[in-house]
Novice: 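Have a look at the structure that comes next, please.
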Amino acid sequence: MKKVLSAGEQLARLKKGVVEVFPEEEMVAKLERSVATKTPLRVKLGIDPTTPDLHLGHIVVLNKLRQFQQLGHRAVLIIGDYTGQVGDPSGQSATRQRLRLDDVNRNAEVFLTYARRLLSDGELEIRRNGEWFAPMSFAEVMELASKMTVARLLERDDFKNRFEKNVPISLHEFFYPLMQGYDSVMVKADVELGGTDQRYNLSVGRALQRDFGQEPQVCITLPLLVGTDGEKKMSKTYNNFIRVDEPPKTMFDKLFSIPDSLVQTYLTLLTDIEETEIKRLCSASDIREAKLVLATDVVKRFAGEKAAESLRESYIGGTIPEEGLKDVECDSESIWIVNLVKSAGFASSSSEARRLVQQGGVSLDGETISNPEQNVNLKDGMVLKVGKNRWARIRIKREKK
RNA sequence: GGGGAGAUUCCCGAGCGGUCAAAGGGGACGGACUGUAAAUCCGUUGGCGACGCCUUCGCAGGUUCGAAUCCUGCUCUCCCCA
């Protein structure tokens, strides 16, 4: 392990990009004790695997968790296989559809794949909250429920609004914050991370830990990442997101194409680059340099150094990249252009593919194909480009034997 | 329980018997310009190997040569009164 930084230095690094550390005095105390006793802090992050569609917005908190690891602390990642079935009511104006355990488990696998790429294995503990919720008896559930009052639950706006507007609140939704808080008790968390929308849930964890005779955790909230449109929060519904499983080239291009006003935020929340360096990059006359750093750094996390560097160089040189493109398999060397675009997943219908071709948005190895009736001859390794930032590499599938 | 309004293509929203694949706006996508940014301009926005054909206007029937438009029933949503 590298040399241990002082509590003050650690705090300064950890505060980068965060909205709130509360209570901050307790954070300082915990860090000081950790340095003095050489004991890592247990830093909890709970994730409900409610969707297989992960985007960079989900990565912000993971990134912060990693920063804790880099300072020698222990990451405790909780997969909410039970809480996921309840559904977090935070920010919801109606009861969520409940998920089945199979779905939750499948989503969890996807999530873990990416989480492992970002976090280091060393100080990592992965727990599922079904581990303690599944075997609970009704009596134990009642015991837990007795720790919370209805008034405290109704303090939070989403519940209050629903209650006042007579929108139903199912009892199981009331349990959600309690469950999340109990997770903190079970893993004896020193710190818990979450988005700003998690403020209430995080504080319930503190209260419960105190009830169970533990030292309460410190809560850290992080901003919700703004989407590529620069306005609304990143979300699938607004179609302003960058998926984590995006082909590297696409991810690079999307990151490069974000509005200038967003560059500083993205660098702060998605990379480990220090604040002074970020300021310098963003105040430079040519902001493209900052975008280049951002795109390279983020892509490196997901696709590896080699692909990221290759993309960076191809961008600087204006050439077609060697690495990082999505592959499209074709079994014939001659194909109708419309079908090629469709099979690459760049159009959902022939009509749409035709339009793209007619509008001059489709090119093969840099040569624009404008006739939608055209059959093209393919060679293995050719690059298909659609629009400004959708690319794919052609792979001819050879029939064996 | 009583009374009223409405369900239109991704979203909002016109259309009220043929000229409707359905105005307009938003969004999205493509092109030009640029810095693969913003702004601006132009174009596209149901499907089909496609100048023709097929399927769309809550659901199911009916009237008509012809229906998103008229009639009947059903489902759902919203508002007012109790």
Side-chain angles (χ1 to χ4, degrees), chain A residues 53 55-56 93-95 165-168 226-243 246-267 270 278 281-296 298-299 308 310-321 324-326 330 332 334-364 366-376 383-392:
Chain A
D53 301 304
H55 55 63
L56 294 183
S93 53
T95 306
K165 288 180 184 160
N166 294 325
V167 177
V226 176
T228 53
D229 57 356
E231 289 169 12
K232 292 179 280 236
K233 72 167 184 179
M234 185 174 283
S235 160
K236 195 183 169 191
T237 42
Y238 302 137
N239 195 27
N240 60 358
F241 62 108
I242 302 177
R243 295 176 59 109
E246 214 84 77
K249 170 67 180 162
T250 308
M251 186 185 277
F252 197 97
D253 287 326
K254 285 192 175 184
L255 282 165
F256 202 86
S257 306
I258 60 172
D260 292 356
S261 57
L262 228 53
V263 178
Q264 185 162 354
T265 310
Y266 273 40
L267 279 168
L270 297 171
I278 291 176
L281 282 168
C282 292
S283 55
S285 59
D286 190 357
I287 195 153
R288 281 179 302 165
E289 176 62 22
K291 286 189 174 180
L292 211 49
V293 170
L294 169 70
T296 310
V298 175
V299 170
S310 160
L311 286 167
R312 178 195 170 85
E313 277 159 30
S314 76
Y315 173 75
I316 296 170
T319 55
I320 294 169
L325 296 191
K326 158 183 179 178
C330 296
S332 154
S334 173
I335 186 171
W336 182 29
I337 185 66
V338 167
N339 277 341
L340 180 64
V341 172
K342 264 205 299 187
S343 62
F346 295 148
S348 55
S349 68
S350 300
S351 301
E352 191 182 338
R354 265 169 194 276
R355 274 180 233 124
L356 288 169
V357 173
Q358 275 162 351
Q359 296 181 127
V362 175
S363 65
L364 251 186
E367 193 178 329
T368 303
I369 311 288
S370 54
N371 177 5
E373 303 303 330
Q374 192 169 339
N375 281 294
V376 291
V383 173
L384 172 72
K385 181 187 179 197
V386 172
K388 285 194 176 71
N389 55 20
R390 286 180 288 174
W391 310 66

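Chain letters run A, B, ... following the sequence lines, proteins first, then strands; residues in each count from 1.
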Novice: Measure from CG on A:D229 to C1' on B:C29 and round the result to the nearest Å.
Specialist: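 Rounded to whole Å, this separation is 15 Å.
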Novice: For nucleotides B:C10 and B:U44, find the distance between their C1' atoms and express it as a whole number of Å.
Specialist: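 It comes out at 15 Å once rounded to the nearest Å.
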Novice: May I have the distance from A:R354 (atom CZ) to B:G49 (atom P), rounded to whole angstrom?
Specialist: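 Distance check: A:R354 CZ to B:G49 P gives 7 Å.
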Novice: For A:E373, report the nucleic acid contact type (base, sugar-phosphate, nothing); a contact means any heavy atom under 4.0 Å.
Specialist: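 Base contact.
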Novice: Looking for any heavy atom pair under 4.0 Å, which part of the strands does A:R355 touch: base, sugar-phosphate only, or nothing?
Specialist: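 The residue A:R355 makes sugar-phosphate contact but no base contact.
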Novice: Can you tell me the Watson-Crick or wobble partner of B:C57, both distances under 3.5 angstrom?
Specialist: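 Across all strands, not a single nucleotide pairs with B:C57.
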Novice: According to the Watson-Crick and G-U wobble definitions, with both distances under 3.5 Å, which nucleotide is paired to B:C33?
Specialist: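 Per the H-bond distance test, none.
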Novice: Should A:W336 be counted as stacked on B:G49, where stacking needs a ring-centre gap under 5.5 Å and an angle between planes under 30 degrees?
Specialist: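 Stacking between A:W336 and B:G49: present.
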Novice: Quantified in whole Å, what is the C1' atom distance between nucleotide B:U56 and nucleotide B:A22?
Specialist: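 The answer is 10 Å between these two C1' atoms.
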Novice: Distance criterion of 3.5 Å, no angle test: do you see the side chain of A:Q359 paired donor-to-acceptor with the base of B:G43?
Specialist: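 Yes, the side chain and the base share a sub-3.5 Å donor-acceptor pair.
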Novice: In whole angstrom, what separates A:F256's CZ from B:U34's C1'?
Specialist: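 Rounded to whole Å, this separation is 12 Å.
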Novice: Working note: A:E246 + A:T250, criterion side chain to side chain donor-acceptor pair (under 3.5 Å); need CA distance, chi angles, decisive distance, verdict.
Specialist: CA-CA 6 Å; A:E246 214 84 77; A:T250 308; 5.4 Å; no
Novice: Rounding to a whole Å, what distance do you find between A:E231:CD and B:A37:C1'?
Specialist: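 To the nearest whole Å, that distance equals 14 Å.
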Novice: Report which part of the nucleic acid A:K254 touches: base, sugar-phosphate, or nothing (heavy-atom distance under 4.0 Å, all strands).
Specialist: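 The answer is nothing, as A:K254 stays clear of every strand by at least 4.0 Å.
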Novice: Rounded to the nearest 0.5 Å, how far apart are CD1 of A:I369 and CD1 of A:I337?
Specialist: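 Going from the CD1 atom of A:I369 to the CD1 atom of A:I337 covers 5.0 Å.
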Novice: Hey, which sits more toward the 5' end of RNA chain B by its nearest nucleotide, A:P259 or A:N375?
Specialist: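 Closer to the 5' end of RNA chain B: A:P259.
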Novice: In whole angstrom, give the distance that lies between atom NZ of A:K388 and atom P of B:G35.
Specialist: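 The answer, rounded to whole Å, is 14 Å.
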Novice: Does A:S349 place a side-chain N or O at less than 4.0 Å from the phosphate oxygens OP1/OP2 of B:G47?
Specialist: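 Indeed, a polar side-chain atom of A:S349 lies that close.
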Novice: Could you identify the nucleotide paired to B:U64, looking across every strand shown and requiring Watson-Crick or G-U wobble geometry with both distances under 3.5 Å?
Specialist: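 Check on B:U64: unpaired, no WC or wobble geometry under 3.5 Å.
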Novice: Below 4.0 angstrom from OP1 or OP2 of B:G30, is there any side-chain N or O of A:R390?
Specialist: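 For B:G30, OP1 or OP2 has a side-chain N or O of A:R390 closer than 4.0 Å.
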Novice: With rounding to the closest Å, how many angstrom separate the P atoms on B:G15 and B:U9?
Specialist: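 Each nucleotide's P atom is 16 Å from the other's.
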Novice: Verify whether one side chain among A:T228 and A:K254 offers a donor that lies under 3.5 Å from an acceptor in the other.
Specialist: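 Looking only at side-chain atoms, A:K254 and A:T228 do not form any donor-acceptor pair under 3.5 Å.
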Novice: To the nearest Å, give me how far apart CG (A:N389) and P (B:G35) are.
Specialist: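 To the nearest whole Å, that distance equals 18 Å.
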Novice: Got a second to check how far A:H55's NE2 is from A:R243's CZ, nearest 0.5 Å?
Specialist: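 So the NE2 of A:H55 and the CZ of A:R243 are separated by 9.5 Å.
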Novice: For A:S350 and for A:V386, locate the closest nucleotide of RNA chain B by heavy-atom distance; then report the residue assigned to the nucleotide nearer the 5' terminus.
Specialist: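 In this pair, the answer is A:V386.
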Novice: Nearest to the side chain of A:D253 - B:G49, B:C48, B:U36?
Specialist: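 Selected nucleotide: B:U36.
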Novice: Measure CG/A:L294 against P/B:A37 and give the value in whole Å, please.
Specialist: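 After rounding, the gap between these two atoms is 15 Å.
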Novice: What interatomic distance, in whole Å, is found between C1' of B:A50 and the corresponding atom of B:A38?
Specialist: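 So the two C1' atoms sit 39 Å from each other.
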Novice: Paired with B:U77 by Watson-Crick or G-U wobble geometry, both distances under 3.5 Å: which nucleotide is it?
Specialist: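 Paired with B:A5.
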Novice: Name the pairing partner of B:G17, where a pair is Watson-Crick or G-U wobble with both distances under 3.5 Å, or state none.
Specialist: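 Per the H-bond distance test, none.
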Novice: Check A:D260 with A:K291, please: is the shortest side-chain N to carboxylate O separation under 4.0 Å?
Specialist: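 Judged by the 4.0 Å cut-off on N to carboxylate O distance, A:K291 and A:D260 do form a salt bridge.
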Novice: Inspect the surroundings of NZ in A:K326 and state if more than 12 heavy atoms from other residues, nucleotides or ligands are less than 6.0 Å away.
Specialist: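 Check passes, neighbour count above 12.
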Novice: Looking at B:G35, B:U44, B:G49, which one has an atom nearest to any side-chain atom of A:K291?
Specialist: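 Among B:G35, B:U44, B:G49, the one nearest the side chain of A:K291 is B:G35.
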Novice: Using the P atom as the reference point in each nucleotide, state the distance between B:C74 and B:C79 in Å, no decimals.
Specialist: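 That atom pair is separated by 23 Å.
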Novice: Using a cut-off of 4.0 Å on non-hydrogen atoms, how would the nucleic acid contact of A:S351 be classed: base, sugar-phosphate, or nothing?
Specialist: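 The answer is base, as A:S351 lies within the cut-off (heavy atoms under 4.0 Å) of a base atom.
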Novice: Could you measure between the two C1' atoms, the one in B:U8 and the one in B:C16, and give it in whole Å?
Specialist: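 Comparing C1' positions in B:U8 and B:C16 gives a spacing of 12 Å.
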Novice: In terms of side-chain geometry, is the basic nitrogen of A:E367 or A:K385 positioned less than 4.0 Å from the acidic oxygen of its partner?
Specialist: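 A salt bridge is absent here (no side-chain N lies under 4.0 Å from a carboxylate O).
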Novice: Between B:G18 and B:G66, how far apart are the P atoms? Round to whole Å, please.
Specialist: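 After rounding to an integer number of Å, I get 15 Å for this pair.
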Novice: What distance, rounded to whole Å, do you find between the two C1' atoms, one in B:U77 and one in B:G27?
Specialist: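 Straight-line distance between the two C1' atoms is 25 Å.
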Novice: Are a donor atom and an acceptor atom from the side chains of A:D229 and A:N240 found within less than 3.5 Å of each other?
Specialist: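 Per modelled atom types, A:D229 and A:N240 side chains form a pair under 3.5 Å.
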Novice: Please give, in whole Å, the distance from B:U36 P to A:D260 CG?
Specialist: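 Nearest whole value for this atom pair: 12 Å.
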Novice: Checking all strands, does A:I287 fall into the base, sugar-phosphate, or nothing category for heavy-atom contacts under 4.0 angstrom?
Specialist: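 Touches a base.
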